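Since the structure comes first, as structure tokens, the remarks are kept for the end.
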Amino acid sequence: MANSLTNAQRQELKDAFDMFDSDKSGKISEKELGSVLKALNIKANDSDLKKMVTKMDSNKSGEIEFDEFCRVMAATFFKQHSKDELHAAFRQFDQDGSGYIQASELENIMTKMGKRFNKTQIDAMVQSLDTSGDGKISFDEFVQLFQ
């Protein structure tokens with residue numbers, strides 16, 4: 001699957017990889033993986049993190065390089081997600097349970113992931129997904145990211 005990625009898919013995986021690789025070393029450490037999972041409210045103890053890294057780390061370097069990340073993530077990243085999976089992901093962003101992702105909620109999740117964006121950048125992200133023009137992201141608009 002990793003060899004059959006389009007340039008756009010490879011870029012999407014690179015963007016995701018860069019989010020994990022907070023020290024910009026070109027590798028994802030156990031600590032970096034733990035930080036992202038924590039930001040997404042996914043509980044993983046040290047043993048879980050070690051198992052995840054070991055599973056992805058085909059060259060046994062102790063860290064995850066981009067090609068290893070692609071090999072493991074490509075199949076799951078580009079699969080069709082079930083409605084339940086999409087609802088669960090949406091709820092992580094929709095922190096107030098309103099049924100919409102507001103700019104402040106998007107900013108909060110990005111901050112938890114170590115990404116700082118100014119109001120203009122956050123508003124542009126919302127606007128790029130907000131097809132109805134109401135200033136917030138509905139579940140149906142969110143789903144378009146995965147199709």
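Since we're looking at a predicted model, the values are computed, not measured. Atom set for the values below is all heavy atoms of this structure, side chains included, hydrogens, waters and symmetry mates excluded.
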Are more than 12 heavy atoms from other residues, nucleotides or ligands located less than 6.0 Å from atom CG of Asn7? no
Do you know the tightest heavy-atom contact between Asp94 and Ile101? N-CG1, 4.2 Å
Applying side-chain hydrogen bond (donor to acceptor under 3.5 Å, both in side chains) to Thr131 and not counting sequence neighbours gives Glu141
Applying side chain to side chain contact (heavy atoms under 4.5 Å, CB included), run through Asp15 and Met19 and close with a yes or a no. CA-CA 6 Å; Asp15 292 344; Met19 236 186 254; 6.0 Å; no
Would you check, one step at a time, whether the test side-chain hydrogen bond (donor to acceptor under 3.5 Å, both in side chains) holds for Ser132 with Asp130? CA-CA 6 Å; Ser132 68; Asp130 176 23; 3.1 Å; yes
Minimum heavy-atom separation for Arg71 to Met56, with atom names? NH2-O, 2.8 Å
For Asp140, what residues pass the side-chain hydrogen bond (donor to acceptor under 3.5 Å, both in side chains) criterion, not counting sequence neighbours? none
Heavy-atom check, side chain of Phe66 versus side chain of Ile28, under 4.5 Å: no
Has Gln11 got more than 12 heavy atoms of other residues, nucleotides or ligands less than 6.0 Å from its CD? yes
Backbone N/O of Asn59 and side chain of Glu68: donor-acceptor pair under 3.5 Å: yes
Identify the two heavy atoms, one from Glu63 and one from Asp57, that lie closest to each other, and give their separation to 0.1 Å. O-OD1, 3.1 Å
Please check: side-chain N/O of Gln92 versus main-chain N/O of Ala89, any donor-acceptor pairing under 3.5 Å? no
Not counting sequence neighbours, which residues clear side-chain hydrogen bond (donor to acceptor under 3.5 Å, both in side chains) with Lys60? List them please. none
Would Tyr100 end up clustered with Phe93 when hydrophobic side chains under 4.5 Å apart are linked, directly or stepwise? no
Which heavy-atom pair separates Cys70 from Leu13 by the least distance, and what is that distance? SG-CD1, 3.9 Å
The test is side chain to side chain contact (heavy atoms under 4.5 Å, CB included); show your working for Met52 and Leu33 and say whether it passes. CA-CA 9 Å; Met52 285 182 215; Leu33 181 60; 3.8 Å; yes
List for me each residue that meets salt bridge (charged side-chain N to carboxylate O under 4.0 Å, His left out) alongside Asp18, sequence neighbours excluded, and say none if there are none. Lys14
Please determine whether a side-chain nitrogen of the Lys or Arg among Asp46 and Lys50 lies less than 4.0 Å from a carboxylate oxygen of the Asp or Glu. no
Side-chain contact, heavy-atom cut-off 4.5 Å: Ile64 with Lys27? no
I need the full list of ring pair (Phe, Tyr, Trp, His ring centres under 6.0 Å) pairs touching residues 109-129, with sequence neighbours left out, sorted by first then second residue. none
Got a salt bridge between Asp67 and Arg10, using NZ or NE/NH1/NH2 to carboxylate O under 4.0 Å? yes
More than 12 heavy atoms of other groups within 6.0 Å of Lys43 NZ: no
Partners passing ring pair (Phe, Tyr, Trp, His ring centres under 6.0 Å) against Phe20 (at least two apart in sequence or in another chain): Phe69
How far apart are the closest heavy atoms of Leu86 and Phe142, and which atoms are they? O-CE2, 3.7 Å
What are the two closest heavy atoms between Glu65 and Phe17, and how far apart are they? C-CE1, 3.7 Å
Between CD of Glu30 and CG of Asp48, what distance do you get to the nearest 0.5 Å? 10.5 Å
